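Working notes for the structure below.
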Amino acid sequence: MVHLTESGICCSTGTASAALIHLICIGFSLFIGLLSRPGSSLFSWHPFLMTLAFSFLMTEAILVFSPHGSPLKRFPHKVKGGVHWILQCLSVSCAVLGLAAISYNKFLNGKAHFTSWHGLLGLLTVCVVVLQSLAAVPLIYQTLAKGWSLAKLKRYHAASGLVSYLLGSVSLLLGLRSAWFTASVREHTWYLSALCPALSALVIMNQVTRAYVAKKRLQS
């Protein structure tokens, strides 16, 4: 009875936290979109595309596999994998375009690039995300994974994906300290905005680590 109660509480907590993160990633992305007004300038595409990439698309790509908060919970794993791949490809595309937008904007204005922690970590994050996505190709085309255990590849992909997501979350947090953002919002809005990537990172980290801890218990 106690086991069932604990299981029910865990399930309810997981469902509530996943639902909250769905709302946060949508709300935060919309807020940054309204604030940056994409298309109003070349720079405006940078915060919009980067937030879309890391706060919305990548978060939703990982939540596809959430045992409690996935919108595709009743679908087979293969369908979830396909949706995850599409969302992740869109995320990488947005991140690359966001990096290109700020790089070209700096070039046009004669400003040095990658001189701040936000710029340096942002560049590193985009490079890691691109490489991590390319390394996931053998999971789709399994003939490329000769000599590799599929279970190990999935484990490496999940671990590197979590690292990529955490890097993206920290990059977003550093972006909130930029002169553009701090000049655009009030102090209480800044703190509320900073909570969005922080909470998302905590929930995603919990989802990924719990999934692989559970798998190890089943195997032992």
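Predicted model only: the values in this text are computed from it and were never measured. Along the sequence shown, residues carry numbers from 1.
- In this structure, Trp190 CH2 and Thr182 OG1 are separated by 9.5 Å, a value rounded to the nearest 0.5 Å.
- Between the side chain of Ser169 and the backbone N or O of Ala198, no donor-acceptor pair lies under 3.5 Å.
- Side-chain heavy atoms closer than 4.5 Å link hydrophobic residues (I, L, V, M, F, W, Y) into clusters, and following such links, possibly through other members, connects Val128 to Leu121.
- Heavy atoms only, all atoms of each residue included: Ser36 and Ser40 are closest at O-OG, 3.4 Å.
- When hydrophobic residues (I, L, V, M, F, W, Y) are linked wherever their side-chain heavy atoms come within less than 4.5 Å, Leu131 remains an isolated member.
- Summarising the geometry of His77 relative to Phe65, their closest heavy-atom pair is CE1-CE2, 3.6 Å, with the distance given to 0.1 Å.
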Could you go through residues 132-144 and list every donor-acceptor pair under 3.5 Å that involves a side-chain atom there, pairing it with any protein atom two or more places apart or in another chain?
from   : atom 1 : to     : atom 2 : distance (Å)
Gln132 : NE2    : His157 : O      : 3.1
Gln132 : NE2    : His157 : ND1    : 3.0
Gln132 : NE2    : Ser160 : OG     : 3.4
Ser133 : OG     : Val129 : O      : 2.9

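- Atom CD1 of Ile204 and atom OG1 of Thr209 lie 10.5 Å apart (nearest 0.5 Å).
- If you chain together hydrophobic residues whose side chains sit under 4.5 Å apart, Val92 and Met58 fall into the same group.
- Here NE2 of His84 is found 12.5 Å from CD of Glu60. Values are rounded to the nearest 0.5 Å.
- Taking the side-chain contact (heavy atoms from CB on, under 4.5 Å) definition, one finds that Leu166 meets it with Leu162, Ala201, Met205, sequence neighbours left out.
- Note on Val203: it clusters hydrophobically with Ile62, by side-chain heavy-atom contacts below 4.5 Å among ILVMFWY residues.
- Rounding to the nearest 0.5 Å gives a distance of 5.5 Å between NZ of Lys73 and OG1 of Thr15.
- Sequence neighbours left out, the pairs with a member in residues 12-56 that pass ring-ring contact (aromatic ring centres under 6.0 Å, His included) are Phe43-Trp180.
- No continuous path of ILVMFWY side-chain contacts below 4.5 Å connects Val130 to Val163, so the two sit in separate hydrophobic clusters.
- For Lys78, there are no side-chain contact (heavy atoms from CB on, under 4.5 Å) partners, not counting sequence neighbours.
- Under the rule for a side-chain contact (heavy atoms from CB on, under 4.5 Å), the partners of Val64 that lie at least two apart in sequence or sit in another chain are Leu72, Lys80, Val83, Leu87.
- Within the 4.5 Å cutoff, side-chain heavy atoms of Ile24 are placed close to those of Ile21.
- Identified under the side-chain hydrogen bond (donor to acceptor under 3.5 Å, both in side chains) test for residues 47-59, with sequence neighbours left out: Thr59-Tyr165.
- Nearest heavy-atom pair across Ser41 and Ser44 is O-OG, 2.5 Å.
- Identified under the ring-ring contact (aromatic ring centres under 6.0 Å, His included) test for residues 93-135, with sequence neighbours left out: none.
- Residues passing the side chain to side chain donor-acceptor pair (under 3.5 Å) test with Ser171, sequence neighbours excluded: Thr125.
- From Leu173, atom CG reaches atom CG of Leu195 across 9.5 Å, with rounding to the nearest 0.5 Å.
- A search for ring-ring contact (aromatic ring centres under 6.0 Å, His included) contacts involving His188 returns nothing, not counting sequence neighbours.
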For residues 93-102, please give each side-chain donor-acceptor pair under 3.5 Å, one per line with the distance, not counting sequence neighbours.
from  : atom 1 : to    : atom 2 : distance (Å)
Ser93 : OG     : Cys89 : O      : 2.9

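- Taken together through direct or relayed side-chain contacts under 4.5 Å among Ile, Leu, Val, Met, Phe, Trp and Tyr, Leu49 and Ile86 form part of one hydrophobic cluster.
- Residues Leu30 and Ile26 meet the side-chain proximity criterion, which asks for heavy atoms closer than 4.5 Å.
- In this view, Thr115 and Ala112 satisfy the side-chain contact (heavy atoms from CB on, under 4.5 Å) rule, not counting sequence neighbours.
- Taken from CG in Leu57 to CD in Gln88, the straight-line distance is 9.0 Å, to the nearest 0.5 Å.
- Counting only heavy atoms from C-beta outward, the side chains of Met50 and Ile32 never approach each other to under 4.5 Å.
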